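A short write-up of the structure that comes next.
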Amino acid sequence: MKRTHRMPFGANVTAQGVDFRLWAPAARDVEVGLGDELSSADWHLLHARGDGWFSTTITHARAGSRYRFRIDRRNVVPDPASRFNPGDVHGTSEVVDPAAYEWDDSQWRGRPWHEAVIYEIHVGTFTSGGTFEDVIAKLDDLVALGVTCIELMPVADFPGRWNWGYDGALLFAPDATYGHPDHLKALVAAAHRRGLMVLLDVVYNHFGPEGNYLHVYAPQFFTERHHTPWGAAINFDGADAGHVRSFFVHNALYWLEEYRFDGLRFDAVHAIVDDSAPDILTEIASAVRDGPARERAIHLVLENDHNDAARLVRDVDARPRQYTAQWNDDIHHVLHHVLTGESDGYYSDYLSRPLQHLGRCLAEGFAYQGEASQWRDGAIRGKPSSDLPPTAFVAFLQNHDQVGNRAFGERLHTLTTQRALEAAVAILLLAPSPPLLFMGEEFAAGTPFQFFCDFEPELAAAVVRGRREEFKRFARFADPNEAARIPDPGAKTTFLRSKLDWDSITRPPHVASRNYYQRLLALRQREIVPLIPSIQHEGRTWRVHGEHGLRVHWPMASGTVLTMEANLGDEAALDISDAVRKRVIFATTGVDDDVRTLPAWSVVVAISEGAGRRDGR
């Protein structure tokens, strides 16, 4: 089976040779040069086609040919739609014929979203080898753990030898440090053979600070009308925005069609500014729903600090109209505060009534649904989300941001007690929302995950200064000597330090941690997953007992109720018994048989038959 996404730009293999197309509205002329060395390149003039387009077909070019564009006889640049750039973001592009790859997963139609257990992977640090092929070698371990979906942090070509991926410059080219495009396709196919979905993280809010040459020949890609934390915004709503929007719509479709990804996770969409209607996020979702999603299950996930519930609305058949789910930062922030006591930054929004925030997250989705955020200087945040199903909210205790954006990349198990963490893990894995694990979390990885990048020297020095300046607002790092201890993102040791140590998984305490996650995920698959599609919008309730006790109910149409009781404090909770007959499916260690009171840091999950609707807050 062949899979190709035909694009209106880039290098496309045809029966006549290779068709080269570039949108360069600021250029007078454009050439394409074949060959890896500039001094011996075979240059061909592209024909102006109007509206900023240049194209030509070269009959002797073929898959594997190396090429670059030359703008106005002086600026030599890679193809912005390159399918592969083996010499990094400043080097030559390589023609790839996607039809040359033979897929063997023709029967794959995806999996329903309510079955999702997501495992976030940074390819470069997931294994010692750090390649797509090395990820394949670990897939069976993830299946055995209970994972049903892997999510790759961005793989689009970034500058240098190591990067988180959010500095991508060539958005269609898998980074060569991870392997050839065929190796990435082989990873997706291997996952599908094991029943695993594969999501890809994409970044449409900015280009990386090094290796992007669009400003040279297509400055219309950017606008000064809007700004982002990374500078000028991408032009989604000004003059010539149609061509810019097309570039990103095709990028989304390209990953889904040519690479057979099962969905995309869209990074920080709150930083995308688009005043047009429909906006770019709506256009992308429509293109996906009207395209590949007609053939198989496709899941689109947002990171959106605005808590915009409107983007997650379902149709009359309970299918997402646009986006499937959103990363729920609220549930992370409140649980992190409860577990660690940390109150800096955005954790300050959860200091007051943390268990009320947690209960609302578990029962209704967002904690902030239109309330004022102290962290955001009183700005109103969020929209009502109680009409959305639990599947609209991805829950997590750790992810790349929440670990890696700490000064030293500490993982959560180093910041709290084992008993407290086990209670939080039970809440994460046995509540109905799809859980996300960050690689290594399940075995309490002893390695940190730190911030790393490999920029050119001047930019690298600026990143070091900026990162250490950023942490000065924390009292601990006001001391220059302490700030100087923050790892240098550009140092190879920072990158290597962040690689998982898989050899540790069979040793204490790592083996016990993994066994706990595995046991809970098996329980989730057996007991929780079958209930999720029938959970009702109305009647989901939560109630706080004293300072640290929490009860949440998720009712089904049949009258069955899934109940979670938690005590997230150091003292025993109040009497939690009631007259309803329950089948306890999980209880943390130390909970007595009749489940009348909860000891410190404990969780009980039960299913009651015919309990009907309850009151609750």
Side-chain angles (χ1 to χ4, degrees), residues 117-155 158 161-166 175 177-179 183-184 187 190-191 194 196 198-201 265 396-416 418 421 425 428-429 435-454 487 489 491-518 520-521:
V117 174
I118 309 163
Y119 191 92
E120 188 186 18
I121 291 173
H122 177 269
V123 174
T125 55
F126 181 57
T127 63
S128 58
T131 69
F132 296 130
E133 291 180 300
D134 292 315
V135 176
I136 294 174
K138 291 293 182 186
L139 293 180
D140 290 334
D141 291 336
L142 298 183
V143 172
L145 175 64
V147 169
T148 64
C149 175
I150 62 172
E151 178 180 321
L152 303 183
M153 289 171 63
V155 302
F158 51 76
R161 297 160 292 176
W162 48 78
N163 194 284
W164 277 14
Y166 299 93
D175 196 272
T177 60
Y178 299 154
H183 297 146
L184 177 55
L187 167 55
R194 292 163 172 81
L196 290 169
V198 190
L199 305 184
L200 177 67
D201 203 340
R265 182 263 191 186
F396 47 89
L397 290 172
Q398 302 179 67
N399 63 33
H400 72 272
D401 270 330
Q402 306 303 338
V403 177
N405 281 330
R406 300 180 65 85
F408 299 103
E410 307 100 322
R411 292 173 178 269
L412 185 57
H413 69 273
T414 68
L415 305 173
T416 188
Q418 180 180 342
L421 182 59
V425 171
L428 173 72
L429 299 186
L436 178 143
L437 310 180
F438 182 57
M439 61 177 200
E441 168 185 344
E442 76 280 9
F443 63 90
T447 51
F449 184 74
Q450 297 179 336
F451 179 67
F452 47 80
C453 52
D454 184 30
K492 186 176 182 179
T493 52
T494 303
F495 170 63
L496 294 178
R497 195 182 297 123
S498 299
K499 284 181 176 283
L500 290 180
D501 175 13
W502 284 97
D503 290 339
S504 70
I505 199 168
T506 59
R507 300 193 299 266
H510 309 291
V511 63
S513 178
R514 188 185 186 281
N515 289 344
Y516 184 66
Y517 274 79
Q518 187 177 40
L520 289 181
L521 287 175

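Keep in mind that what you see is a predicted model, and the values were worked out from it rather than measured.
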Hey, could you give me the [atom1]/[atom2] distance between [X] and [Y], rounded to the nearest 0.5 Å?
X      : Y      : atom1 : atom2 : answer
Asp401 : Met153 : CG    : CE    : 7.5 Å
Leu200 : Leu184 : CG    : CG    : 7.5 Å
Asn405 : Gln402 : CG    : CD    : 7.5 Å
Gln518 : Asp141 : CD    : CG    : 10.0 Å
Ile150 : Ile121 : CD1   : CD1   : 4.5 Å
His413 : Leu397 : NE2   : CG    : 13.5 Å

Which pair of heavy atoms, one from [X] and one from [Y], lies closest together, and at what distance?
X      : Y      : answer
Arg265 : His400 : NH2-CE1, 4.1 Å
Leu429 : Pro435 : CD2-CB, 3.8 Å
Ile136 : Ala190 : CG2-CB, 4.0 Å
Phe443 : His510 : O-ND1, 2.8 Å
Leu142 : Phe126 : CD1-CZ, 4.3 Å
Leu500 : Ala445 : CD2-CB, 3.8 Å

Side chains of [X] and [Y], heavy atoms from C-beta outward: is any pair under 4.5 Å?
X      : Y      : result
Arg497 : Pro487 : yes
Tyr166 : Asp201 : yes
Leu139 : Leu187 : yes

### Query
For Glu410, does the CD atom sit with more than 12 other heavy atoms under 6.0 Å from it, leaving out its own atoms?
yes
### Query
Should Arg507 and Asp501 be marked as a salt bridge (charged side-chain N to carboxylate O under 4.0 Å, His left out) after you check the CA-CA gap, both sets of side-chain angles, and the distance that decides it?
CA-CA 11 Å; Arg507 300 193 299 266; Asp501 175 13; 3.8 Å; yes
Report yes or no: does [X] contribute a side-chain atom to a donor-acceptor pair with the main-chain N or O of [Y] at less than 3.5 Å?
X      : Y      : result
Thr447 : Ser498 : no
His122 : Asn163 : yes
Glu442 : Gly440 : yes
Lys499 : Gly124 : yes
Glu120 : Glu151 : no

### Result of checking Leu437, Leu412, Leu520 against Val425 for side chain to side chain contact (heavy atoms under 4.5 Å, CB included)
Leu520
### Message
Over 60° means perpendicular and under 30° means parallel, so tell me whether Phe452 and Phe495 are parallel, tilted or perpendicular.
### Response
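Rings of Phe452 and Phe495: perpendicular, over 60°.
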### Message
Is there a side-chain contact (heavy atoms from CB on, under 4.5 Å) between Val135 and Lys138? Walk through the geometry before answering.
### Response
CA-CA 5 Å; Val135 176; Lys138 291 293 182 186; 5.7 Å; no
### Passing option when Arg161 is tested against Asp454, Asp175, Thr177 for side-chain hydrogen bond (donor to acceptor under 3.5 Å, both in side chains)
Asp454
### Query
Just one of Tyr119, Phe449, Phe396 clears the ring pair (Phe, Tyr, Trp, His ring centres under 6.0 Å) bar with Phe438, so which one?
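In the set Tyr119, Phe449, Phe396, the residue that makes a ring pair (Phe, Tyr, Trp, His ring centres under 6.0 Å) with Phe438 is Phe449.
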### Query
Is the centre of the Phe158 ring less than 6.0 Å from the centre of the Trp164 ring?
no
### Query
Passes side-chain contact (heavy atoms from CB on, under 4.5 Å), His183 versus Thr131? Steps please.
CA-CA 9 Å; His183 297 146; Thr131 69; over 6 Å; no
